[in-house]
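Data first, discussion second: the structure below is written as structure tokens.
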Amino acid sequence: CIPYRGYHYFGPTETLYEGDKDRIHVTAEERAWLVGEANRLLPQLALDAVTRDGHDPAEALVLIDGPLQRRHVHAASAAAQAAGIRPGHSLAAAQALLPGLHSAPVDHAAMHTLRNSIASIGYAVSEQVILREPDAVLVEIGASLRCFGGWPRIARILRTRLRTLG
């Protein structure tokens with residue numbers, strides 16, 4: 001995964017392939033690793049949607065989820081994380097670490113819509129786009145590299161289209 005200007009690009013694995021270049025495929029182990037990385041790096045998707053709607057990104061904010069009596073942190077802004085708050089903490093524990101902490105409920109419908117929008121952008125460069133719940137969108141670009149002239153051009157296309165989402 002390559003973080004670049006607020007985006008995370010998941011790209012070619014390090015597996016050496018010596019077969020027919022038209023038959024390159026992702027192994028089950030590579031797919032599992034990529035999905036794991038995507039799930040680890042994209043839990044901020046819900047926070048991005050909230051900050052896009054006007055919340056100050058420098059302010060400590062947590063998104064909360066779960067039943068009313070067992071609210072827990074789903075995602076934490078950088079400022080909240082700097083105070084020691086992590087996803088999975090109870091809301092009470094997070095508020096004890098940082099009195100005055102701002103919180104908002106996770107908007108699952110908005111996250112679903114945003115994931116679908118990101119997936120539709122992925123189809124601009126690949127026929128193989130996978131939505132993995134809860135927070136991952138995987139785009140297989142191996143077969144598209146030659147068609148689009150390599151990774152730098154694909155990255156430009158994706159970056160340009162993703163900017164339209166905010």
Side-chain angles (χ1 to χ4, degrees), residues 1-14 29-126 129-141 151-152 154-166:
C1 173
I2 301 168
Y4 181 72
R5 294 190 181 176
Y7 297 104
H8 289 86
Y9 297 98
F10 296 85
T13 67
E14 300 298 319
E29 293 82 19
E30 292 167 330
R31 186 176 293 112
W33 179 82
L34 286 168
V35 169
E37 282 298 291
N39 287 334
R40 184 176 67 79
L41 292 168
L42 295 179
Q44 298 298 106
L45 188 60
L47 269 176
D48 293 343
V50 171
T51 56
R52 211 175 281 120
D53 289 338
H55 184 4
D56 180 1
E59 186 176 42
L61 169 72
V62 294
L63 296 183
I64 54 174
D65 203 7
L68 196 54
Q69 64 276 23
R70 297 194 65 207
R71 293 280 185 193
H72 66 273
V73 175
H74 174 81
S77 68
Q81 289 181 31
I85 298 168
R86 302 287 181 264
H89 281 169
S90 70
L91 178 58
Q95 289 170 328
L97 286 169
L98 190 60
L101 175 68
H102 294 274
S103 65
V106 173
D107 185 343
H108 291 284
M111 285 177 56
H112 180 76
T113 300
L114 185 55
R115 258 192 313 275
N116 285 342
S117 297
I118 292 169
S120 69
I121 289 170
Y123 281 114
V125 297
S126 177
V129 177
I130 301 168
L131 285 171
R132 286 287 173 112
E133 296 295 332
D135 299 313
V137 177
L138 303 175
V139 180
E140 166 53 51
I141 62 163
W151 167 245
I154 290 174
R156 271 194 312 277
I157 291 167
L158 292 173
R159 208 174 16 258
T160 299
R161 292 182 182 210
L162 286 168
R163 280 192 191 114
T164 66
L165 296 178

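Below, each value reflects all heavy atoms present in this structure, side chains not excepted, and no hydrogens, waters or symmetry copies.
Between atom CZ of residue Arg71 and atom OG of residue Ser103 there is a gap of 9.0 Å, rounded to the nearest 0.5 Å. Taking CG of Leu63 as the start and CG of Leu91 as the end, the distance is 11.5 Å to the nearest 0.5 Å.
The two residues Leu101 and Ala80 make their nearest non-hydrogen contact at CD1-CB, 4.3 Å. Across every non-hydrogen atom of Trp151 and Ile141, the tightest pair is CE3-CD1, 3.3 Å. Across all non-hydrogen atoms, the minimal contact from Glu59 to Ala79 is C-CB, 3.9 Å. A pairwise comparison of heavy atoms in Ser77 and Ala60 identifies OG-CA, 3.5 Å as the closest pair. Between Gly84 and Leu97 the shortest heavy-atom distance is O-CD1, 3.7 Å.
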Item checked: Derivation of the side chain to side chain contact (heavy atoms under 4.5 Å, CB included) call for Val125 and Leu158 -> CA-CA 8 Å; Val125 297; Leu158 292 173; 3.8 Å; yes
Check: Given Val129 and Val137, is the side chain to side chain contact (heavy atoms under 4.5 Å, CB included) satisfied, shown in steps?
Finding: CA-CA 7 Å; Val129 177; Val137 177; 4.1 Å; yes
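For Arg161 (side chain) and Ile121 (main-chain N/O), no donor-acceptor pair under 3.5 Å exists by modelled atom type. Side chain of His102 to main chain of Val62: no donor-acceptor pair is present (N/O by atom type, distance under 3.5 Å, no hydrogens or angles). Between the Arg115 side chain and the Leu131 main chain, no donor and acceptor come within less than 3.5 Å of each other. Looking only at distances, no side-chain donor or acceptor of Ser126 sits under 3.5 Å from a matching main-chain atom of Val139.
Using a 4.5 Å cut-off on side-chain heavy atoms (C-beta onward), His72 and His89 make no contact. The shortest side-chain heavy-atom distance between Ile64 and His74 does not fall under the 4.5 Å cut-off. Looking only at side-chain heavy atoms (C-beta outward), Ile85 and Leu98 come within less than 4.5 Å of each other.
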